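Take a look at the structure below.
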Amino acid sequence: MSATATPVAARAAAGARTDGPTFRRVVAAEWTKLTSLRSPWWTAAVTVVAAGAISYLSATASSVDPGFEPARDLSSGLLLAQIGPLVLGILYGAGEFRTGAFRTTFTLVPRRWPALVAQAVVLAAFALVLGVLTVAACVVGVLPAAASRDLPLGLADGETPGIMLGMVVFVAGTALLGLAFGALLRRTVPALVTALVVLVFLPAVLMTVSDPGTDANGMALPHSVTPAGAIGAFTPGTAAQLLTTGASSEGMPGTPDLGPVGGGLVLGAWVVLLLVVAGVRLRARDAR
């Protein structure tokens with residue numbers, strides 16, 4: 001028995017891979033897994049093109065306004081282009097559960113948590129690059145309208161650098177939310193429907209309900225926080241939108257003024273919360 005037990009004890013004492021591969025190798029494997037698929041690249045390409053096209057159309061329509069400021073239309077391309085990183089995250093998070101490949105992954109990484117964290121790290125890196133390219137496409141989309149009015153775009157002026165940084169974080173945060181929904185629900189369609197409701201439809205409904213409206217003379221009522229607005233401000237969809245507003249913005253009607261930093265913190269909290277819940281489910285019900 002000593003001859004049998006000694007090698008096992010020696011390997012455990014030497015820190016052999018009894019608990020799976022190192023985190024660095026898990027990250028490398030997840031990066032290969034993500035970039036070897038066609039869907040992430042196609043999704044990224046569609047996101048960049050859509051963001052540039054929507055920014056161009058929005059800026060062109062706004063350029064007839066005497067008070068047109070080109071930088072205000074930079075983030076308009078994210079209104080629909082946000083669907084791209086969301087789908088990217090959902091496909092990545094739910095893909096292995098759809099095909100059954102997660103059994104192989106968790107056989108190689110028995111502790112489960114490193115695999116999920118590695119997926120988040122890899123997707124965040126990919127989405128940050130995608131965010132930079134998306135912002136570049138939005139800038140290119142706005143340039144023709146700015147040139148038609150002989151107006152400088154002023155990318156380094158005022159709050160514009162902060163808005164562009166918020167746009168990059170917006171793309172990365174949306175992708176990570178998609179990953180969390182995909183890993184939690186494990187099915188592409190339910191995860192996509194849930195994410196769209198939470199990120200797109202729920203903020204729109206709460207914003208409509210929270211709007212104080214106008215007085216008898218048609219003037220907007222003073223900005224005051226309403227119950228629906230207070231709830232809406234802490235939803236991930238509204239928090240993501242706050243990332244693309246300037247620090248001096250008055251905020252959305254009826255909502256507390258969290259600002260872009262507050263919006264980023266709320267979005268980050270939602271990402272962490274959902275990933276933790278997905279991780280707990282991985283450990284409790286990983287084979288279902």
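The structure presented is a predicted model; accordingly, all values stated were derived computationally and were not measured.
To the nearest 0.5 Å, atom CG of residue L86 and atom OG1 of residue T47 are 10.0 Å apart. Distance NZ/K33 to CD/Q119: 6.0 Å, rounded to 0.5 Å. Note: I90 CD1 to L192 CG = 4.5 Å, rounded to the nearest 0.5 Å. Interatomic distance, M164 CE to T244 OG1, rounded to the nearest 0.5 Å: 13.0 Å. The OG1 atom of T194 sits 9.0 Å away from the CG atom of L184 when rounded to the nearest 0.5 Å. With rounding to the nearest 0.5 Å, the separation of CG in L143 from OG in S55 is 10.5 Å.
For residues 153-175, the set of pairs meeting the ring-ring contact (aromatic ring centres under 6.0 Å, His included) definition, not counting sequence neighbours, is empty. Residue pairs meeting the ring-ring contact (aromatic ring centres under 6.0 Å, His included) criterion with at least one partner in residues 35-65, sequence neighbours excluded, are W41-F126. For residues 199-209, there are no salt bridge (Lys or Arg N to Asp or Glu O under 4.0 Å) pairs, not counting sequence neighbours.
In terms of hydrophobic clustering, with Ile, Leu, Val, Met, Phe, Trp and Tyr side chains grouped at heavy-atom distances under 4.5 Å, V140 and V142 are assigned to different clusters. Hydrophobic clustering places F181 together with V117 (ILVMFWY residues linked when any side-chain heavy atoms are closer than 4.5 Å, directly or through intermediates). Both W31 and L176 belong to a single network of hydrophobic side chains, linked directly or stepwise wherever heavy atoms of I, L, V, M, F, W or Y lie under 4.5 Å apart. Linking Ile, Leu, Val, Met, Phe, Trp and Tyr whenever their side-chain heavy atoms come within less than 4.5 Å leaves L196 and V46 in two separate clusters. Under a hydrophobic clustering in which Ile, Leu, Val, Met, Phe, Trp and Tyr are joined whenever their side-chain heavy atoms come within less than 4.5 Å, directly or via other members, V139 and V171 fall into the same cluster.
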For residues 72-84, dump all side-chain donor-acceptor pairs below 3.5 Å to protein atoms at least two apart in sequence or in another chain.
from, atom 1, to, atom 2, distance (Å)
R72, NE, E69, OE1, 3.3
R72, NH2, E69, OE2, 3.3
D73, OD1, S58, OG, 2.9
D73, OD1, S62, OG, 3.4
S76, OG, S58, OG, 3.4
S76, OG, D73, O, 2.7
Q82, NE2, L79, O, 3.0

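Among residues two or more places apart in sequence or in another chain, the side chain to side chain contact (heavy atoms under 4.5 Å, CB included) test is passed with V27 by F23, A118, V122. Shown here are the side-chain hydrogen bond (donor to acceptor under 3.5 Å, both in side chains) partners of T43, two or more places apart in sequence or in another chain: there are none. Considering only residues two or more places apart in sequence or on other chains, S39 meets the side chain to side chain contact (heavy atoms under 4.5 Å, CB included) condition with L37, L91. Every residue two or more places apart in sequence or in another chain that forms a side chain to side chain contact (heavy atoms under 4.5 Å, CB included) with V48 is listed here: L130, L133, T134, A137. With sequence neighbours excluded, the residues forming a side chain to side chain contact (heavy atoms under 4.5 Å, CB included) with V266 are F234, A239, L258, W270, listed by chain and number.
Formation of a donor-acceptor pair under 3.5 Å by the T32 side chain with backbone atoms of A28 is found in this model.
The two residues L274 and A180 come nearest to each other via the heavy atoms CB-CB, 3.5 Å.
Apart from V261 itself, the hydrophobic cluster it occupies contains L265, where clustering links Ile, Leu, Val, Met, Phe, Trp and Tyr at side-chain heavy-atom distances under 4.5 Å. When hydrophobic residues (I, L, V, M, F, W, Y) are linked wherever their side-chain heavy atoms come within less than 4.5 Å, V49 remains an isolated member.
You'll find the side chain of L123 reaches within 4.5 Å of the side chain of L88, heavy atoms only.
Counted by atom type alone, T235 and T238 present one or more donor-acceptor pairs between their side chains at under 3.5 Å.
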